[in-house]
Visitor: 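First the structure, which I've put down as structure tokens, then a few questions once you've had a look.
Numbering of ligands and ligand atoms starts at 1, following listing order. Nothing here was measured: the structure is a model prediction, and the numbers come from that model.
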Amino acid sequence: MNATRRSFGTKEDLALALAETVAEHLNDGIGARGHAVLAVSGGSTPARFFAVLGRRKDIDWEKVTVTLVDERWVDETNDRSNALLVNEKLLQGPAASAHFVPLYSGGDEPTSAAIARTNLAVNALPTPFDVVILGMGHDGHTASFFPGGDNLAAALTGEGPALAIRAPGAGEPRVTLVLKRLLDASGLYLHIEGEEKLATLEKAASEGPVEDMPIRSILRQSQTPLTIFWSP
Ligand SMILES: O=C(O)[C@H](O)[C@@H](O)[C@H](O)[C@H](O)COP(=O)(O)O
């Protein structure tokens, strides 16, 4: 595992440090190219970090595009929506000026036509992304790379940028950026909290198939340096 791990005493300390790190990447991107792209995960872990980052006034948010690394295939009024989480927790205050590119593109199912719409939007974004922030489930999934996912092989090897995936434990059908797109980043971070997630990470860092714990695809790659932010 070629990752760097940063451990923090509290969730708040982690949120402050991760927000500082992300702000540096965004300001570097804006300084170099006049814009920056941030791709984030959903779930329950990021809320505190989102609130801290969104309050920062040292970022020219009008020059920032925020998107997701994955999404449950539900609209933004659904409590399960990662877009809803980002809009409610991150894109408030100063960060409300940022541009948001959702991955859900309408309809009840991520059909090929719907995924084509999503990919049109994602392909319009400049690459490399300035920052990609991943989470991890207790089963070792990241983004929507779930064990047993029907499209997991394509997610791990395909060109993407995004594809539909269904899996036991994923709940709704998902849309996820593919590994190739997640790694095409200036800054790559894994944000996990709690002893159980740390134990999951240790298990993922040991031998075993990527398909059993797809976070291994991130831990074992040497293309993009990974920094893990962890707190109890
Ligand atoms: O849509 C999602 O659920 C996320 O993008 C997913 O990859 C998340 O990072 C993990 O499931 C961890 O979720 P928690 O933070 O809720 O543990």
Visitor: Just checking, Arg181 and Phe129: is the charged tip under 6.0 Å from the six-membered ring centre and within 45° of the axis?
Guide: yes
Visitor: Once you restrict to heavy atoms under 4.0 Å, what part of Leu134 touches ligand 1? Side chain, backbone, both or neither.
Guide: neither
Visitor: Any idea which protein heavy atom is nearest atom 17 (O) of ligand 1, and the distance to it?
Guide: Lys197 NZ, 2.8 Å
Visitor: Tell me the protein heavy atom at minimum distance from atom 11 (O) of ligand 1, and give that distance in Å.
Guide: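 The closest heavy atom on the protein side is His141 NE2, 2.6 Å.
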Visitor: Check this for me - ligand 1, Gly42, N or O atoms closer than 3.5 angstrom, yes or no?
Guide: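 Yes.
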Visitor: Write out the residue and atom name of the closest protein heavy atom to atom 5 (O) of ligand 1, then the distance separating them to 0.1 Å.
Guide: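 For atom 5 (O) of ligand 1, the nearest protein heavy atom comes out as Asp70 OD1, 2.4 Å.
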Visitor: Against heavy atoms of Gly135, which atoms of ligand 1 measure under 4.0 Å?
Guide: 9 (O)
Visitor: Return the residue, atom name and 0.1 Å-rounded distance of the protein heavy atom closest to atom 7 (O) of ligand 1.
Guide: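 Here the closest protein heavy atom is Ala143 O, 2.7 Å.
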Visitor: Are Asn78 and Ser81 linked by a side-chain donor-acceptor pair shorter than 3.5 Å?
Guide: no
Visitor: Taking the side chain as every heavy atom from C-beta outward, state whether Leu179 and Gln221 have any pair of such atoms under 4.5 Å apart.
Guide: no
Visitor: Please classify the Thr45 to ligand 1 contact at 4.0 Å (heavy-atom distances, strictly less than): side chain, backbone, both or neither.
Guide: both
Visitor: Is the side chain of Trp230 donor-acceptor paired with the backbone N or O of Gly194 at a distance under 3.5 Å, no angle test?
Guide: yes
Visitor: Which residue holds the protein heavy atom closest to atom 12 (C) of ligand 1, what is that atom called, and what is the gap in Å?
Guide: Met136 O, 3.4 Å
